[in-house]
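The structure appears right after this line, and notes come after that.
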Amino acid sequence: MLQAKRILLIIGGGIAAYKSLDLIRRLQDEGAQVRCILTKAGAQFVTPLAVSSLSQDKCYTDLFSLTDEAEMGHIRLSREADLVLVAPATADLMAKMAHGLANDLATTALLATDKPVMVVPAMNVEMWAHRATQRNMALLQADGIAVVGPESGVMACGEVGAGRMSDVADIIAAVKTHFSGPLGRPLSGLHAVVTAGPTHEPIDPVRYIANRSSGKQGYAIAGALAALGARVTLVSGPTHLPTPKDVDRVDVEQAVDMLSAVEKALPADIAVCVAAVADWHVAGENGQKIKKEASGAPPSIRFAENPDILATLSQHPTRRPALVVGFAAETEHVLDHATRKRQRKGCDWIIANDVSHQTGIMGGDENLVTLISADGAEQWAKADKHAVARQLATRIADWFDHRRKDS
Ligand code: C5P
């Protein structure tokens, strides 16, 4: 399966480095050629001698080694590989990768490479959950870097939670998937439409009605789907966010325009409606700015209902996407309301979240969600919106994978 594939394995400094010795062997068993860089911190956990004995090659450690530079410069080292695999990837190493720091051989090779990169994080629970690490993860994913794990369980430090390096068998499986699919992008060939942000419903040429949605969650989902290879059309209400990498963005203001843009983007395999679409727009044209009445009486505004984009897609007679996902932002009875919403709208999954003021979710960086499907409800751990997006994109890829296998 991995016959003649050249893998540059970068071993970072963590107790999980001992698993990397086994990883070298298992990759070789699959036919891969493994060349290793051991960071200075990594060498505190495993020795260069063990690494070079197992890889049957030199263990590269030093950026400024004259002989290494003469025999095999860091540029060549990073280019003469089909895949750069970082295992264990420590919080420090990922932070350096995310920000382009290059002060040793490992980080220099990572910055110089033009090859796909896969990271296998391993660290303490709190370090993994830290916003800084999650931010860096989001940057790495936006750069197209694949991530394996981490797993939950008991850590070497005795704490329990997410941060444990994936098992060697899982890493090998991910490497195989990488080489089997079109560059390990399980959603390639699929088109996803994502709605995000608020809508602005005009009252007159200068005033509008809006809501507190920042668009962060929807943008992160669009980016995460693109990182897994989907062609993504992001139909966005007004936001201040940059367009995620490899995403086609269509800007709209009102709900009616959002629906037209979504319908224009069809056919799609996946629809994820994250936008906080206004339920009503102001009825009747106010072509001119409404002026204050001399009498001081405030104007009255009449509302008319907006189209429901999620329901329209879910019940589309001819072009219903295979998987339609909606969001349910609720302030009370979250699960009840969301479960009923799934049935009412006819979508496949609802991602429910509590946006009551004290949660700080609306406009904030974190999200606490429950996935509701026909199979029931599943609460996910509170996480950065980018982590939630990655988890959802992976679930979507799994769904299509099962569907392919079943057919
Ligand atoms: O009915 P409610 O607004 O609570 O439903 C939320 C879900 O429906 C979200 O997925 C949102 O994007 C979608 N929606 C929509 N069009 C509307 C209202 C909501 O797509 N007009």
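Source: prediction; values computed, not measured. When a ligand or atom number is given, it counts from 1 through the structure's own listing order.
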- Message: Is it the case that the side chains of E151 and S166 hold a donor-acceptor pair, with the cut-off being a distance below 3.5 Å and no angle test?
- Response: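 A pair is found: one side chain offers a donor N or O, the other an acceptor, under 3.5 Å apart.
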- Query: What residues, two or more places apart in sequence or in another chain, satisfy salt bridge (Lys or Arg N to Asp or Glu O under 4.0 Å) together with D204?
  - Reply: R207
For ligand 1, run through the N/O pairs with the protein that fall under 3.5 Å and put one pair on each line.
{"residue": "ligand 1", "atom": "1 (O)", "partner": "K345", "partner atom": "NZ", "Å": "2.9"}
{"residue": "ligand 1", "atom": "4 (O)", "partner": "K341", "partner atom": "NZ", "Å": "2.3"}
{"residue": "ligand 1", "atom": "5 (O)", "partner": "K345", "partner atom": "NZ", "Å": "3.0"}
{"residue": "ligand 1", "atom": "8 (O)", "partner": "K345", "partner atom": "NZ", "Å": "3.1"}
{"residue": "ligand 1", "atom": "10 (O)", "partner": "C273", "partner atom": "O", "Å": "2.6"}
{"residue": "ligand 1", "atom": "10 (O)", "partner": "F327", "partner atom": "N", "Å": "2.7"}
{"residue": "ligand 1", "atom": "10 (O)", "partner": "F327", "partner atom": "O", "Å": "3.3"}
{"residue": "ligand 1", "atom": "12 (O)", "partner": "C273", "partner atom": "O", "Å": "3.3"}
{"residue": "ligand 1", "atom": "12 (O)", "partner": "A275", "partner atom": "O", "Å": "2.6"}
{"residue": "ligand 1", "atom": "16 (N)", "partner": "I309", "partner atom": "N", "Å": "3.0"}
{"residue": "ligand 1", "atom": "20 (O)", "partner": "I309", "partner atom": "N", "Å": "3.4"}
{"residue": "ligand 1", "atom": "20 (O)", "partner": "L310", "partner atom": "N", "Å": "2.8"}
{"residue": "ligand 1", "atom": "21 (N)", "partner": "P307", "partner atom": "O", "Å": "2.8"}

- Query: Are K96 and D92 ion-paired here, with the side-chain N under 4.0 Å from a carboxylate O?
  - Reply: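 Between D92 and K96 there is a salt bridge, with a charged N closer than 4.0 Å to a carboxylate O.
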- Message: Show every side-chain hydrogen bond (donor to acceptor under 3.5 Å, both in side chains) that has at least one partner inside residues 125-136, sequence neighbours left out.
- Response: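 Every pair satisfying side-chain hydrogen bond (donor to acceptor under 3.5 Å, both in side chains) with a residue in residues 125-136: H99-N136, Q134-R390.
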- Message: Would you call the rings of W399 and W349 parallel, tilted or perpendicular, taking 30° and 60° as the class edges?
- Response: perpendicular
- Query: Could you give all pairs that pass the salt bridge (Lys or Arg N to Asp or Glu O under 4.0 Å) test and reach residues 323-333, with sequence neighbours left out?
  - Reply: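 Those involving residues 323-333 are E330-K341.
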